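Side-chain atoms are counted along with the backbone in the values below, which use heavy atoms only and exclude waters and symmetry mates. Quantities reported herein were computed from a predicted structural model and do not represent experimental measurements.
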Protein chains: 4
Amino acid sequence: MADPTKREKILAAAIEVFSESGIEKAKISDVVKRAGVAQGTFYLYFSSKQSLVPAIAEQLLEEQFAYIKQQITPETRFEDQIQSMVEATFTVTKRYKQVLALCYSGLAIGGLITWEKLYQPYYEWVDQLLAEAVNRGEIRSNIRQIRVTSKLLIGLMEEAAEQLYLFDDNDEQAEIYKQETIEFIKRALMK
Amino acid sequence: MADPTKREKILAAAIEVFSESGIEKAKISDVVKRAGVAQGTFYLYFSSKQSLVPAIAEQLLEEQFAYIKQQITPETRFEDQIQSMVEATFTVTKRYKQVLALCYSGLAIGGLITWEKLYQPYYEWVDQLLAEAVNRGEIRSNIRQIRVTSKLLIGLMEEAAEQLYLFDDNDEQAEIYKQETIEFIKRALMK
Amino acid sequence: MADPTKREKILAAAIEVFSESGIEKAKISDVVKRAGVAQGTFYLYFSSKQSLVPAIAEQLLEEQFAYIKQQITPETRFEDQIQSMVEATFTVTKRYKQVLALCYSGLAIGGLITWEKLYQPYYEWVDQLLAEAVNRGEIRSNIRQIRVTSKLLIGLMEEAAEQLYLFDDNDEQAEIYKQETIEFIKRALMK
Amino acid sequence: MADPTKREKILAAAIEVFSESGIEKAKISDVVKRAGVAQGTFYLYFSSKQSLVPAIAEQLLEEQFAYIKQQITPETRFEDQIQSMVEATFTVTKRYKQVLALCYSGLAIGGLITWEKLYQPYYEWVDQLLAEAVNRGEIRSNIRQIRVTSKLLIGLMEEAAEQLYLFDDNDEQAEIYKQETIEFIKRALMK
DNA sequence: AATGAATGAGCTTTCATTCAT
DNA sequence: AATGAATGAAAGCTCATTCAT
């Protein structure tokens, strides 16, 4: 970690280039050009083109998670928390839609375990949110395994946002998607 | 469609090779070798390597959709239909887990529209299922837009199955995942 | 061996290029340019740049051995045979001096066994020559192991020729080198 | 020669690395790592990677020559001297077999003259040995040019040792190789 | 329709060398 | 004298695609 700046420059450039060209078409030569470093410098910080993908995914998920956490107030009602989470998920998905698809595809190729590991803190955080809501009596208590529900919850929100922004790419429908998702979740979980 | 047999051989070989090697590493030369045709023959049936992906996806989705449709009886209660759909989705996902991730990634790169189009009949079919259930008074009638709900429904089931088979890859947990998914959906939609 | 012509073209070009540039500096791109084939074609006939070296060595040794064999009459006296062999060795070494050094160095890197294998027929042929001369009573019969003597004999002739053409590169001294070598061998072996 | 210690460390490391990896594969970065100096330090003592080869060769030949000289007593009979020289040559070749092939190949590429120059003192020393033996009437006096005979003599001994240790690599045959070589030389030169 | 040898653009990666500190 | 991060040219090799047969 001699010079964090340089690694970061490369990573940032890589996110841009990968977004624009897709992972297959992206050339390291473009990445380094945009990062303003020499070709060889790339290999001081990353072992290969492939090894960029987890690094990008990590950064993205971290930003994403940080943003969502920051939007949620722990003390509020679960109902409001859901609304905030959905809003946050849609916001973040919109911002990173290109790269998210990319990461998904990049990791699908060989790094499913990595992906799972990166989501771990997010899962744990939602686990806790759910557990507290159960304790407060806000949501049903017949959940067999909280982790599974957390995954369904997160999966559903992301699925909805991806449907909207990746496939429909229709911002006018945003409200409908969000409301339907919130309603879906609230009914599925709340008493 | 002069010689359906040859096209099908290539497609089947491609599904195998793509599953084994991933989309990037897969070589046309391996596909044709396994299909038992010459290198050039490939280009009589497909315009490029890329063009294989939608073709694979199409075939897979068709099989998948056919299987699910066949499992569902139109006259039964929505509750039973959900159960059957979840079962079917898990079954199909398990069978094609490798290739599904692949297709997802392959299409994510450049063909999101295609993907959407391929899902069209599936969406329509679920739309109708939901509409009938609304008519029968089995599920809530405050659904703003049926298509959005269909997407959420399908997305949730696939998400759950993928979580189970792609990430956890833990067949013992299957029952828990299924039950939780069914419970989730029933509560979300039924009166 | 679909098209021997193309492989041969590449091999011939490689011998030229390798002679001019040395093995390290030689570029495959130059080889194919001179051979008049595409870059990729090279890899249809050779698996790598490295794999050219044994192929070149093989061809060279074959030519060399063929030439030497053709110069020697089996029925003549051993004394005359030695003279012819030395002459032939010097002739051939002179002709291929560039590439011989090259092969020697190229094989020294990783393929000593190959080198030994390529010499096998030459060794056997000299073995026989010596055996016959022993039978005819022309050379001393206290040779412990004919193969060792064959190797010494061949090694000495090549060493002498290489000294002359690679290091001294002085054609005026040729006669002296040859005469001394012949004298050396005759005394060493003949009764 | 500001800091002989550092130069020597690099040289010693280079001999090791070159022996293990061969000259092409050997990396300066490995050499400096093993020498325990920084990458840039290398270029304070050597102008390039290529320039290492003559330096290595020089050191090796010096050691080799020193060892051989030390084994030979000037006053003894030529017959005994030959025996000692052959023994010494085999010993040294065995010890340095890896690096010798390497040097040979390394110099073959571009530095034949260097190689010749490095051998100069060895040639001169053998010249003198032979001259003295002629004077003492131990070997035949019809040698046309002593230098040529010295080269043949040295070449033959090294050739034999290399055959044994580089190609056969069969220590059991050592005695046969040595005896045959000694016999060969004695007959070739002695009255 | 079928073949498969030939193509060649273009990629990643390596590593000797430099130079600011 | 010493460092080691940074450089960037250079090359081996791959593989989707073409085309003469």
Side-chain angles (χ1 to χ4, degrees), chain A residues 1-3 5-7 9-10 24-33 35-52, chain B residues 2-3 5-7 10 24-33 35-52, chain C residues 1-3 5-7 9-10 24-33 35-52, chain D residues 2-3 5-7 10 24-33 35-52:
Chain A
M1 222 162 286
D3 185 4
T5 303
K6 215 142 230 170
R7 198 195 124 100
K9 265 200 232 165
I10 292 172
E24 266 187 294
K25 300 254 175 81
K27 289 178 277 179
I28 295 298
S29 65
D30 290 338
V31 172
V32 296
K33 217 173 287 163
V37 301
Q39 191 88 355
T41 306
F42 174 84
Y43 291 90
L44 291 176
Y45 296 96
F46 298 93
S47 61
S48 72
K49 179 188 176 181
Q50 207 41 239
S51 77
L52 265 177
Chain B
D3 184 6
T5 304
K6 216 146 233 173
R7 196 195 126 98
I10 293 172
E24 266 186 292
K25 300 257 176 80
K27 290 181 272 178
I28 294 296
S29 66
D30 289 338
V31 172
V32 295
K33 216 173 288 162
V37 301
Q39 192 90 356
T41 306
F42 175 85
Y43 290 90
L44 294 176
Y45 296 96
F46 297 92
S47 61
S48 71
K49 181 188 177 183
Q50 260 322 306
S51 76
L52 265 177
Chain C
M1 222 162 287
D3 185 7
T5 304
K6 215 142 230 172
R7 198 195 123 100
K9 264 199 232 165
I10 293 172
E24 266 187 294
K25 299 256 176 80
K27 289 179 277 179
I28 295 297
S29 65
D30 290 338
V31 171
V32 295
K33 216 173 288 164
V37 302
Q39 189 89 356
T41 306
F42 174 85
Y43 291 90
L44 292 177
Y45 295 96
F46 298 93
S47 61
S48 70
K49 180 188 176 183
Q50 210 38 242
S51 77
L52 265 177
Chain D
D3 184 6
T5 304
K6 214 145 234 174
R7 198 194 124 98
I10 293 173
E24 265 188 294
K25 299 258 176 80
K27 289 180 273 179
I28 294 297
S29 66
D30 289 338
V31 172
V32 296
K33 215 174 289 164
V37 301
Q39 192 88 357
T41 305
F42 175 85
Y43 290 89
L44 294 176
Y45 297 96
F46 297 93
S47 61
S48 71
K49 181 188 176 183
Q50 261 322 307
S51 76
L52 266 177

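Qualifying ring-ring contact (aromatic ring centres under 6.0 Å, His included) partners for C/Tyr43, counting only residues two or more places apart in sequence or in other chains: none. For the side-chain contact (heavy atoms from CB on, under 4.5 Å) test, residues two or more places apart in sequence or in another chain that qualify with A/Lys25 are A/Ser21. In this structure, the salt bridge (Lys or Arg N to Asp or Glu O under 4.0 Å) partners of D/Lys33, at least two apart in sequence or on a different chain, are D/Asp30.
When the P atom of F/dG12 is taken as reference, atom CZ of C/Phe46 falls 15 Å away, rounded to whole Å. Distance, D/Lys33 NZ to E/dA16 P: 11 Å, rounded to whole Å. One interatomic measurement links the two molecules: CG of A/Leu52 to P of E/dC11, which rounds to 16 Å at whole-angstrom precision. A/Lys9 places its NZ atom 13 Å from the C1' atom of F/dA5, with the value rounded to the nearest Å.
Distance from the side chain of D/Ala38 is smallest to F/dT3 among F/dA2, F/dT7, F/dT3.
Here the side chain of C/Lys49 pairs a donor or acceptor atom with the backbone of C/Ala26 at under 3.5 angstrom.
DNA chain F contains the following stems of three or more consecutive Watson-Crick or G-U pairs, with both distances under 3.5 Å: E:2-21 with F:2-21.
For the atom pair NZ of C/Lys9 and CZ of C/Phe42, the computed distance is 15.0 Å after rounding to the nearest 0.5 Å. Here the NZ-CG distance, from D/Lys6 to D/Leu44, works out to 9.0 Å after rounding to the nearest 0.5 Å.
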Take nucleotides 14-21 of chain F nucleotide by nucleotide from the 5' end and write B, S or -, depending on whether a protein heavy atom sits under 4.0 Å from the base, only from the sugar-phosphate, or from neither. BSSBB---
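Among D/Val37, D/Thr5, D/Ile28, D/Val32, the one residue that satisfies the side-chain contact (heavy atoms from CB on, under 4.5 Å) test with D/Ile10 is D/Val37.
Contact check, B/Lys6 against E/dA1: no side-chain N or O comes under 4.0 Å of OP1 or OP2.
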